[in-house]
Amino acid sequence: MFDEFIMRAIIAIFLLAINASIAGSFVIFKNVPFLVAGASHAALAGSAVFIAIESYMKIDPIVGAIIFAIFVAFSASKAKQANVAIGISFAFSMSLAVLFISFIKEQASRVWGLLFGDLLLITNEGIILMAIMTAVVIIISLLFAREFIFISFDMEGAKASGIKAEYFNYVLLSIISISTVITMKAVGAILVYAMLVAPSASANKIAKSVSGVFIFSAFFALIAGFFGLALSFYLPFSPSAITALIATLIYLILFRKFQ
Amino acid sequence: MIEVKNVSYSYNGRKAIENVSFSVKKEFVAIMGPNGSGKSTLIKLVMGLLKPDEGEIKIFGEDAEKTRNFIGYMPQKETIAKHFPIKVADIILMGVTNKKFYTKEDIKKAKEILEKVELSHTWNKKFNSLSQGQQQRVLFARALAKEPKIIILDEPFSAVDLPSREKMISLLNERKKDGIEILIVVHNINPVLHDIDKVLLLNKRAIAYGSPKEILNHENLMETYGSFVQIVTCEEGYCHPLIGDEHV
């Protein structure tokens, strides 16, 4: 019988794979990998702010993480140069994060926990929250898949054909940001970058269709997640770190093969 | 019908279009001018993707942004994302319908239009595995797919070989016979010179607008390009300006 920690880690890996598949693929299609880094660090700041105000308002810090991450998506979708907007939001939110962490010294370890994450330390509440947010990501992506693919392929053409391209661009970037927060809960703010970029970048190298990218991304994320979890029993390393390392290694192997 | 009246547009305070007026009524019109002359900006204004700072644009009597469903558009190839494996079928279907799900009728229509550009065999292929010329023809087919009332093409013949180009022009001529308005941005006008009804010489402002036989002369071309442009007159009496062959 599986230990409940492992059971939760296995569920988290499946949720992570779904997010790596949907959000990760759109990160590659829209060519916005920096958004993942920006959103994850903004989410860190959001958590720090909500932990700091916890004594006044009892709201889960994940709400702060989502609000801040969506703020990055909003600035990226409004700006002409998305990466510059993400960079500025990144700097702004990290300054806030450091500032608020210095206010909440006794609680600071909770924020640092979000920075590195741990697959084996996810709580039941954490899993439920991840599952609900993943369901939101799945539903919105299924509803607007055509629009998201159209604006990723040809923003101007999408506008010209009457699609509300700016609006869908914002929704898509927000979905990526929400997925970033979900994935961050499992692997941490730093390694989320590896999980939302590397599996889809690998899939994009070998897939023969858009749906193939989604399928291969999930597959690579699952391989990385399960190997990471299994190896962490034999090696004295964090499963999140090994998972991210395997995801990156898959990309490097495919990069050499399909260069 | 496209009516552009005294339209001006600026990017960050820099004038891109200055007081341009012209109208297109069931005609095949080419817009021609040097790099940075505002050609692409002008067609974005016509499609309602940009709002003029001054002047007005009416499409069939309505504001441009309300009439996007009438327009079949082919953007410049540089604006298209080619780094992911989208299939040709998906691209053509984008042009056929904006609905969430395709019907059998939509797929049939998409296959028919792909056949017209002689690329039926690419239906299931990745767009980025095609040659540049084939990619252009796929985007061209997408622009025609929704049976638009207006066709707007930005540099459609870039990297397209001669037989394919002739095929594309003959398809445009067919549409013109059906009363469709065609607006085409070209760097090199010669491939379509015998087919177009009018040409707009643009360098931020409209230098001249009229039939190619009337307005393609040394003076107008000098004013448009800022330097002397050689002209060769063909047997049919058209003046062919010798401007860099391709805009790549």
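Every chain is numbered from 1, with letters handed out A, B, ... down the list of sequences.
Between A:Arg146 and B:Asp90 no salt bridge is recorded (no basic side-chain N to carboxylate O distance below 4.0 Å). Here A:Glu156 pairs with B:Lys44 in a salt bridge; the nearest charged N to carboxylate O distance falls below 4.0 Å.
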inquiry  = Please determine whether ring pair (Phe, Tyr, Trp, His ring centres under 6.0 Å) holds for the pair A:Phe68 and A:Phe71, giving the CA-CA distance in whole Å, both sets of side-chain angles, and the decisive distance to 0.1 Å.
reply    = CA-CA 5 Å; A:Phe68 273 56; A:Phe71 163 72; 7.1 Å; no
query = Stepwise, does the side chain to side chain contact (heavy atoms under 4.5 Å, CB included) test hold for B:Phe101 with B:Asp106?
reply = CA-CA 9 Å; B:Phe101 301 102; B:Asp106 293 333; over 6 Å; no
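There is no contact between B:Ser40 and chain A, counting heavy-atom distances below 4.5 Å. For a residue to count as touching a neighbouring chain, one of its non-hydrogen atoms must lie under 4.5 Å from one of that chain's; by this rule B:Phe70 does not touch chain A. Heavy atoms of A:Ser25 lying under 4.5 Å from chain B are absent altogether. Using a 4.5 Å cut-off between heavy atoms, A:Val210 touches chain B through backbone and side chain atoms alike.
Comparing B:Met74, B:Lys99, B:Lys82 by heavy-atom pairs within less than 4.5 Å of chain A, the highest count is held by B:Lys99. Heavy-atom pairs under 4.5 Å with chain A peak, among B:Ile152, B:Asn98, B:Leu139, B:Asn124, at B:Asn98. Put simply, of B:Lys146, B:Glu65, B:Met47, B:Lys100, the one with the most heavy-atom pairs under 4.5 Å next to chain A is B:Lys100. In terms of non-hydrogen atom pairs under 4.5 Å with chain B, the most contact-rich of A:Ser209, A:Gly212, A:Gly162 is A:Ser209.
Using a 4.5 Å heavy-atom threshold, the side chains of B:Phe127 and B:Ile80 count as touching. A:Ser141 places a side-chain heavy atom less than 4.5 Å from the side chain of A:Ile175.
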